[in-house]
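In this text, all values refer to a predicted model and were calculated from it rather than measured experimentally. To find a chain, count down the sequence lines: A is the first, B the second, and so on, and within it residues start at 1. What you see below is based on every heavy atom in this structure, not just the backbone, and it leaves out hydrogens, waters and symmetry mates.
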Amino acid sequence: DTGVSQNPRHKITKRGQNVTFRCDPISEHNRLYWYRQTLGQGPEFLTYFQNEAQLEKSRLLSDRFSAERPKGSFSTLEIQRTEQGDSAMYLCASSNGKALGMNTEAFFGQGTRLTVV
Amino acid sequence: AQSVTQLDSQVPVFEEAPVELRCNYSSSVSVYLFWYVQYPNQGLQLLLKYLSGSTLVKGINGFEAEFNKSQTSFHLRKPSVHISDTAEYFCAVSDLAKLSFGAGTTVTVRA
């Protein structure tokens, strides 16, 4: 068990460019979550998958954002036409089971820090 | 809908002193509450969780929290802090599908 892995750890991009982040969850965890965290704020939910199915998306996830988990293992989060307001830490988490909170917990990666200049 | 409010954005405290971080929640369904800690440049780590049963929950690193249904609170406490407890602390509530976090409390422990 190597934990949740996120790549890259840091990304600097120019406004208008597209970026893609990758998250490798803990092996055999069927749920995968994406959160965004800005300075001085708590993580904000973006979306989550159960296996390869995307079950819920936040209103924060605009049309420029898309997430995939094609084989129910790793996931990618793409942001198209980045804006300065997209600058944040993007966190990925994974858990095992059908309900978050009963006998499961979410394990978080170290995040990808995006800076849009 | 679930939400949490962390009442203190920053808590300075001296080493070996007690600390309490306040969290109030709002939930329309069964309540599952969590406290996470985030050390500088690291991911979130679970400190403790309340699912049901005893209202006093003990976690890692000497932290504990008390669930109070009548006051809709889930305050985190540690009787004696160390320099290494300097971190950001987040209260969270689960709707069984996802976690919703508070804005966080920055704890700075001074010698």
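Of the candidates Phe21(A), Tyr48(A), Trp34(A), Trp34(A) is the only one forming a side-chain contact (heavy atoms from CB on, under 4.5 Å) with Ser75(A). Of the residues Phe63(B), Trp35(B), Tyr36(B), the one that meets the ring-ring contact (aromatic ring centres under 6.0 Å, His included) test with Tyr89(B) is Phe63(B).
Glu20(B) and Lys78(B) are not joined by a salt bridge, as no carboxylate oxygen comes within less than 4.0 angstrom of a charged side-chain nitrogen. A salt bridge does not link Arg15(A) with Asp86(A): every distance from a Lys NZ or Arg NE/NH1/NH2 to an Asp or Glu carboxylate oxygen is 4.0 Å or more. Between Glu52(A) and Arg69(A) there is no salt bridge, since no side-chain N of the basic residue sits under 4.0 Å from a carboxylate O of the acidic one.
Looking at Glu56(A), only its side chain comes within 4.5 Å of chain B, counting heavy atoms on both sides. Neither the backbone nor the side chain of Gln6(B) comes within less than 4.5 Å of any heavy atom in chain A. Looking at Gln6(A), neither its backbone nor its side chain comes within 4.5 Å of chain B, counting heavy atoms on both sides. At a 4.5 Å heavy-atom cutoff, the contact between Arg9(A) and chain B is made by side-chain atoms alone.
Counting heavy-atom pairs closer than 4.5 Å to chain A, the top residue among Leu46(B), Val4(B), Asn41(B) is Leu46(B). Of all the listed residues (Ser100(B), Ser52(B), Gly43(B)), the one sharing the greatest number of non-hydrogen pairs under 4.5 Å with chain A is Gly43(B).
Close placement of the Phe67(B) and Tyr50(B) rings is indicated, their centers lying within 6.0 Å of each other. Taking the six-membered ring for Trp, Phe108(A) and Tyr33(A) have ring centres at least 6.0 Å apart.
Identified under the salt bridge (charged side-chain N to carboxylate O under 4.0 Å, His left out) test for residues 6-17 of chain B, with sequence neighbours left out: Asp8(B)-Arg22(B).
Heavy atoms only, all atoms of each residue included: Lys57(A) and Phe45(A) are closest at C-CE2, 4.5 Å.
Of residues 101-111 of chain B, those residues with a non-hydrogen atom less than 4.5 Å from any non-hydrogen atom of chain A are, in numerical order, Phe101(B), Gly102(B), Ala103(B).
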